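Since the structure comes first, as structure tokens, the remarks are kept for the end.
Here the structure is a predicted model, which is why all the values come from computation and not from measurement.
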Amino acid sequence: MGMLKEFKEFAVKGNVIDLAVGVIIGGAFGKIVASFVNDIVMPPIGLLVGGMDFKKLNLVLKPEELDAAGETIAAVTLNYGAFIQNVVDFAIVAFVIFLAIKGINSMKRKEEEAPAAPVAPPKSEVLLEEIRDLLKK
């Protein structure tokens with residue numbers, strides 16, 4: 001039972017829950033970025049380089065064939081167009097994360113630069129100072 005209790009404490013900690021939320025939001029953000037790259041960024045780039053669709057760019061290693069039974073065997077291809085789109089996806093996600101971390105770090109620096117309010121001396125010290133001042137008179 002001790003191991004189950006430890007696991008429960010671990011799973012319910014704030015850090016694990018924050019991580020789970022981050023993974024879920026990251027997955028959704030990845031879909032948004034993929035759509036942005038596929039539907040908005042790559043079409044104009046394809047148009048600029050001669051109207052090509054990057055998704056369809058590939059290098060055929062072995063062409064499509066018919067086997068003895070008359071069924072087609074799919075071609076073996078290197079899909080470098082899809083790789084290019086994934087690299088663009090990664091670059092956009094990395095840049096957005098960089099901007100987010102930079103913003104968070106700048107907010108932390110501002111908090112650190114703000115001077116802390118002076119700590120009030122304890123009551124006993126204040127009383128001793130008052131006694132000292134009275135004795136000086």
Nearest heavy-atom neighbours spanning Val41 and Pro44: O-CD, 3.2 Å
Cluster link Val96 to Val33, ILVMFWY, side chain under 4.5 Å: yes
Cluster link Ile97 to Ile92, ILVMFWY, side chain under 4.5 Å: yes
Under 3.5 Å donor-acceptor pairs involving side-chain atoms of residues 122-136, not counting sequence neighbours:
none

Full working for side chain to side chain contact (heavy atoms under 4.5 Å, CB included) between Ile84 and Met42: CA-CA 10 Å; Ile84 291 171; Met42 294 311 268; 3.9 Å; yes
Candidate list Val88, Asn86, Ile45, Ile32, test side chain to side chain contact (heavy atoms under 4.5 Å, CB included), partner Val37, passing option: Val88
Within residues 29-49 or reaching into it, pairs that qualify as side-chain hydrogen bond (donor to acceptor under 3.5 Å, both in side chains) - sequence neighbours excluded: Ser35-Asp39, Asn38-Gln85
hydrophobic_cluster_shared for Val93 and Phe36, side chain cutoff 4.5 Å: yes
Distance in Å, Ile24 CD1 paired with Leu19 CG, rounded so as to fall on 0.5 Å steps: 10.0 Å
Residues, nucleotides or ligands: over 12 heavy atoms within 6.0 Å of Phe29 CZ: yes
Gap between atom OG1 of Thr77 and atom CG of Leu59 - 0.5 Å precision: 8.5 Å
